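Worth knowing before you read on, the calculation uses all heavy atoms, side chains too, and leaves out hydrogens, waters and symmetry mates. Counting starts at 1 for both ligands and their atoms, in listed order. Remember, it's a predicted structure, so these values are computed and weren't measured experimentally.
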Amino acid sequence: MERPASVVKELMENAIDAGASSITVEVEEGGKRLLRVLDNGCGMPREDVELALVPHATSKIYDEKGLKKIETLGFRGEALASIGAVSELTLSSRSAKSVTGWQIRSIFGRFKKVKPTGMPPGTEALVENIFLEIPARLKFLKRRQTELSHIAMKVRIFAVIYPHIQFKLISEGRVLFRNNTSAQGPEKLTPLIGEDLSRRLLKISSQEKQLRIKGYISSPTDCRSSSRAFYFFLNGRPVSDKLLWKAVMEAGRGFFMKGSYPAGAVYIEIPPELVDVNVHPAKHEVRFHDSNQIFRLMFQAIKRTLESSGNRDESISTTAKDSLGDNIAVSNFSSHKQKNSASGTDTDSENSVQEIPLPWEKKGEKTRKFPLNSSFTEHTSEQKHVSPTLPSYSDVSREIDKNEYKNSKDIGQGSYTGYSSFDIIGQFDATYVIAQTENKLVLVDQHAAHEAILFKRMMREIKNSESSISQPLVFPEVVERSPSDIARLESVTGQLKDLGIAAEKFGDAQIIIKAIPYFLANEKEGVKEAVNIIDSLIESPDTQIDSTIHEIVASFACRLAIKAGQLLKDEELRSLFFEMDEESVKHCPHGRPIAHIITLDEIEKKFGRKK
Ligand code: ADP
Ligand code: MG
């Protein structure tokens, strides 16, 4: 029980075992001050309440035949006891038959007598001041927001596994998450991958003997820059497993752009005796007795689904003229809502349900509107480049050679190889670049496009030890971390260096940060962000390290890219299109498309010139 989120998980499992149809999790300060799990399950009679906090007081180990573990989530009978030992735990419970509830407290292991309490049927576990008397543990709790997002993740996962149960997460009195219990099919994945995307998921289904695979996967046009949006559930439990992931990625080869990953979930049903779960309990690893079979079945199921979607991903610069449109989401022009360019706040502040972002949805991804004379335009006009280039990450971006640029402009319209052949009309809403060829109109999201370009370059360049984006800190920063975090630091020092961060072990329980990326160094929150990056690499299991780096670089690219709402000069627009070809970008690193094509044909149909 090393953090609030693991406590929440245990308490939710108890509530589920108790047959609850509604489970509310309430936290203050990321669960460090307080966390409460309330359910409407069967509750406990007085004698069970008295025993519930005693180690090994489980009602679940044996079934009537004696020995076999019965099908419930908990079986160790010590979760409540160990929570009560490290916090002020108040457990209140009322069974449906009882007229009153009963309450017992354990204050850091010291029991208080059971007493009656008024409450509706069900159970409430209130955990306050966790680890307060265990300073060594308290110290290593992460920031409130980090703990909160771990808790939110647990609640979201449970909401996907038990979609018929009403889950609610409240933090500091505000509802952060609430699932829709009537969700059907792929929409059941909404808590993990968002409503929009889950509606567009493709179905996976396959069976061989006693092994069944069901689930949903995003189409290649909906991919993500992180593998964290793909989940495996084995007999209803979340697992992470290299073999399963490998099968998905191999099946997706040729469909998903390099460095991008599908979102979705696969539910595997297999007789429990054919698999060892919890080879490593904390990591949810599994071992299949017949790993060939599971690999093959998973591979085939995913490949079949992707093939039937007819969405093979090919680089636009290498495909023939007319396939450009196929590779880019074609949308209904009129459905583009014109945004109010004067204000950057278009969210409904009235709404009481405040979605906290999913882990791969970086804060920076939401584009902001900037003043017209933004730093970018000023910056480029000062630059002495011969050719118009976009603001570039000085160490990494290649300058465009003047002649190269000129040549690309000369390419005739009939034989274009990509975006360079479009004639630029201008900007719409200071966010979308509009351009044309003889029979197509294209809208390019300037932020997404530039982000994609910078992302590709950075990914290439961080591997290149010559160039460094690091800037020494005048005052090195020292942060405290657990000895295990510090041990892990050594194995990620190289990756951190690539990302421009010089961090070293400093004593037994501290890390010293000596340099951070130059574009963070000038910012107030820069050091904090660098610390977050260090934490995310430390926390990332080896199998996920690449995707963590991918995400970090994506956030760098996002930060440096031209913003939405920024007015650009003609040559800057042209240069953007040129660079899009040069890097053959198609999706932004977060998986959003960067362009929309509208064909003349469609337009003619819209205006009734053609049927
Ligand atoms: P385990 O779940 O492994 O049995 P716990 O320490 O989590 O052990 O819980 C001890 C016992 O307390 C459970 O076996 C169950 O009988 C009872 N209990 C705990 N939480 C609840 C709940 N929310 N509703 C009803 N009974 C509960
Ligand atoms: Mg339990």
Side-chain angles (χ1 to χ4, degrees), residues 1-27 31 35-64 66-112 114 116-117 119-128 130 151 154-155 157-159 161-162 165-169 236-238 277-278 281-282 284:
M1 212 80 59
E2 68 284 1
R3 66 189 338 163
S6 10
V7 171
V8 169
K9 173 176 169 277
E10 292 288 344
L11 296 177
M12 287 195 297
E13 287 184 346
N14 283 349
I16 291 162
D17 286 347
S21 63
S22 163
I23 299 174
T24 299
V25 178
E26 211 180 318
V27 301
L35 66 86
R36 186 201 314 270
V37 176
L38 184 72
D39 72 58
N40 65 352
C42 65
M44 285 173 263
R46 177 184 175 151
E47 50 293 5
D48 286 2
V49 173
E50 281 185 302
L51 280 174
L53 306 190
V54 178
H56 307 296
T58 180
S59 56
K60 299 170 195 162
I61 293 181
Y62 303 108
D63 66 7
E64 59 278 12
L67 279 165
K68 207 176 115 258
K69 178 187 159 291
I70 60 170
E71 282 300 307
T72 58
L73 296 168
F75 59 91
R76 301 182 312 278
E78 53 193 29
L80 287 174
S82 44
I83 296 166
V86 296
S87 70
E88 296 165 25
L89 169 64
T90 309
L91 183 74
S92 313
S93 192
R94 180 183 149 195
S95 67
K97 284 188 214 123
S98 173
V99 288
T100 171
W102 292 92
Q103 184 178 83
I104 191 167
R105 302 196 74 201
S106 168
I107 316 291
F108 295 98
R110 299 178 292 277
F111 290 101
K112 295 271 180 290
V114 65
T117 179
M119 64 182 293
T123 300
E124 181 196 286
L126 171 67
V127 179
E128 291 172 286
I130 190 162
I151 292 172
K154 293 275 191 252
V155 179
I157 289 202
F158 273 96
I161 304 175
Y162 303 99
I165 298 179
Q166 178 70 68
F167 288 90
K168 210 195 275 181
L169 174 63
R237 300 268 214 133
V277 189
N278 286 344
H284 308 285

side-chain contact (heavy atoms from CB on, under 4.5 Å) assessment of R105 paired with L89: CA-CA 6 Å; R105 302 196 74 201; L89 169 64; over 6 Å; no

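Remark: ligand 1 and G43 share no N or O pair separated by less than 3.5 Å (distance only, no angle test). Looking at ligand 1, you'll find an N or O of N14 within less than 3.5 Å of one of its N or O atoms.
Between T117 and T100, the closest heavy-atom pair is O-OG1, 3.1 Å. Across S87 and I130, no two heavy atoms sit closer than the pair CB-CA, 3.8 Å.
Heavy atoms of A79 found under 4.0 angstrom from ligand 1 belong to the backbone as well as the side chain.
Here the side chain of D39 pairs a donor or acceptor atom with the backbone of T123 at under 3.5 angstrom. Distance alone, capped at 3.5 Å, is enough to place a donor-acceptor pair between the S82 side chain and the E78 backbone.
For the ligand labelled ligand 1, residue E10 lies outside the 4.0 Å heavy-atom shell. Contact between D48 and ligand 1 is absent, with no heavy atom of the residue lying under 4.0 Å from the ligand.
Close contacts between ligand 1 and D39 involve ligand atoms 22 (C), 23 (N) [criterion: under 4.0 Å to a heavy atom]. Distances below 4.0 Å separate heavy atoms of T123 from the following atoms of ligand 1: 22 (C), 23 (N), 24 (N), 25 (C). Residue A18 approaches ligand 1 through these ligand atoms, each under 4.0 Å from one of its heavy atoms: 24 (N), 25 (C).
In the model, S92 has a side-chain atom that pairs as donor or acceptor with a side-chain atom of Q103 under 3.5 Å.
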